[in-house]
Amino acid sequence: LLHTPNGVASFEQWYKKLLPSKVAEDYTAEGPRQELGFLWPQLFCPPTALPEHAFCTLLHAFSECSEGEALDFFDLLDGDLQGMLSFEQVYLGICLVAALGCKQLTKFLYMHSSQFFQLLAKGCRCCAKEDTITWARLLTLLRLLGVSGAVLSGIVSRQKLTSPRAEVKYHQFCAILLPIAMEMDRGGNPPESTVIHEKEKIVAVRSKTCVVL
C-alpha cells in the first residue's frame with residue numbers, strides 16, 4: 001500500500017499528525033537558507049523534519065532494535081549529514097521497515113532501489129566517486145538486515161571489496177541485495193542468521209543486530 005499514490009498520501013497525512021498542530025497547519029514551512037553556512041542546518045531542525053532523537057523514537061515503535069542500531073539506520077538515511085530527516089527520507093525508511101515486516105523486500109528494491117542508492121551515495125560524496133557508495137556504508141545496511149558474517153565474507157570475495165573505502169556501483173548494489181531480499185521474502189533468512197520481527201520472539205534471536213528492522 002505504501003508504494004501506491006494513495007499509500008503515499010495516507011502516510012503523509014499520518015506523518016503530519018506526528019508534528020505539532022501549528023506545524024501541521026503550515027506544512028510548507030521552510031528551514032534556513034543554505035547560504036547561511038554549512039553548519040547552520042545542524043543547529044536548526046525545520047519544523048517538518050525529524051531530528052535524530054525523534055526518528056529513533058519513531059523507529060522503536062515499529063521494530064525491536066538497540067539505540068545504536070537505530071542511530072546507524074538514521075545515519076544511513078541522513079545522506080545530507082544534517083542531523084535530521086525530511087519527509088521523503090522518513091518515508092523511505094519506514095517503507096523499508098514495512099517491506100521487511102511483510103516480506104516484500106524484493107518489491108521495495110524494485111520500486112525504490114535507485115532512490116535508496118542515491119540517498120546512500122549522498123553520504124559518501126566526500127570519500128567516493130559520484131554515483132557510487134562505499135563498501136563500509138553498504139556493510140552497515142547489510143548488518144542491520146541481519147546478514148551473517150559468512151555471507152558478508154562471500155560478498156567481499158565475489159565482489160572483490162577489499163577495503164572499507166572500496167566503491168560500489170548501482171549494479172553491484174542490486175546484485176548483492178536482490179538475492180538476499182528474495183531469500184528473506186520466501187520466508188528464509190540469510191545463511192547462519194536469524195531475522196525476527198515479532199517482539200515476543202526476541203529470546204530466539206542469535207544476534208541483536210538482526211532485529212533492527
Side-chain angles (χ1 to χ4, degrees), residues 56 59-60 62-79 92-124 127-129 131-213:
C56 290
L59 185 61
H60 285 310
F62 286 91
S63 64
E64 280 290 339
C65 61
S66 70
E67 194 69 20
E69 292 159 348
L71 291 172
D72 283 342
F73 191 40
F74 176 89
D75 288 341
L76 286 178
L77 296 173
D78 183 21
L92 201 60
I94 296 302
C95 275
L96 177 57
V97 173
L100 287 164
C102 60
K103 301 187 184 303
Q104 293 190 16
L105 184 56
T106 305
K107 183 176 182 179
F108 170 84
L109 292 175
Y110 177 77
M111 300 289 293
H112 302 292
S113 62
S114 178
Q115 182 182 1
F116 194 67
F117 181 84
Q118 291 301 322
L119 187 64
L120 296 178
K122 283 185 178 181
C124 303
C127 51
K129 295 178 182 177
D131 294 328
T132 63
I133 63 175
T134 60
W135 165 236
R137 200 159 179 81
L138 178 56
L139 180 61
T140 299
L141 174 63
L142 293 173
R143 284 175 171 167
L144 292 176
L145 293 177
V147 179
S148 68
V151 174
L152 294 175
S153 295
I155 292 172
V156 169
S157 177
R158 290 191 300 274
Q159 299 292 336
K160 303 186 184 305
L161 302 170
T162 57
S163 167
R165 297 175 67 90
E167 296 175 348
V168 178
K169 298 181 179 179
Y170 176 66
H171 69 87
Q172 292 176 289
F173 174 79
C174 292
I176 291 170
L177 279 180
L178 279 173
I180 294 173
M182 289 188 289
E183 178 64 24
M184 294 175 68
D185 289 348
R186 285 195 294 264
N189 300 309
E192 300 182 11
S193 178
T194 301
V195 178
I196 295 180
H197 308 287
E198 296 82 5
K199 293 184 178 181
E200 64 271 15
K201 295 183 180 179
I202 294 303
V203 293
V205 177
R206 280 181 253 170
S207 172
K208 292 183 179 180
T209 60
C210 57
V211 296
V212 62
L213 302 175

- prompt: How long is the gap from CG on L120 to OG1 on T134, to the nearest 0.5 Å?
  reply: 9.0 Å

field: Where Q172 and E167 come nearest, the two heavy atoms and their spacing
entry: OE1-O, 3.8 Å

task: Would you name the heavy atoms of Y170 and S113 that are closest together and state the gap between them?
output: OH-OG, 2.7 Å

- prompt: Between G79 and R137, what is the shortest heavy-atom contact and its length?
  reply: CA-NH2, 4.3 Å

Pair H112 and F116, ring centroids less than 6.0 Å apart: no

query: Who passes ring-ring contact (aromatic ring centres under 6.0 Å, His included) against F173, sequence neighbours left out?
result: F117

message: How long is the straight-line distance from CD1 of I94 back to CG of L92, given to the nearest 0.5 Å?
response: 10.0 Å

message: So does S153 get a backbone contact from the side chain of S157, meaning a donor-acceptor N/O pair under 3.5 Å?
response: no

Evaluation steps, side-chain contact (heavy atoms from CB on, under 4.5 Å), between D72 and L141: CA-CA 8 Å; D72 283 342; L141 174 63; over 6 Å; no

CD1 on I180 to CD1 on I155, rounded to 0.5 Å: 4.5 Å

field: Shortest non-hydrogen contact between L161 and A166, atoms and distance
entry: CD2-CB, 4.0 Å

- request: Compare all side-chain heavy atoms of V156 with those of W135 and state whether any distance is below 4.5 angstrom.
  value: yes

query: Between L152 and R143, is a side-chain contact (heavy atoms from CB on, under 4.5 Å) present by the stated rule, with each step listed?
result: CA-CA 9 Å; L152 294 175; R143 284 175 171 167; 4.1 Å; yes

- line: Minimal heavy-atom distance between L71 and C56, with the atoms involved, is CD2-SG, 3.6 Å

- line: Rounded to the nearest 0.5 Å, the CG atom of L105 sits from the CG atom of L96 at a distance of 6.5 Å

- prompt: Quick one: SG on C102 to CG on D185, what's the gap to the nearest 0.5 Å?
  reply: 8.5 Å

- request: Identify the heavy atoms of G93 and L77 that sit nearest to each other, and give their distance.
  value: CA-CD1, 3.9 Å

task: List the steps, then state whether side-chain contact (heavy atoms from CB on, under 4.5 Å) holds for I176 with L142.
output: CA-CA 10 Å; I176 291 170; L142 293 173; 4.2 Å; yes

- prompt: NZ/K122 to CG/L76 distance, rounded to the nearest 0.5 angstrom?
  reply: 14.5 Å

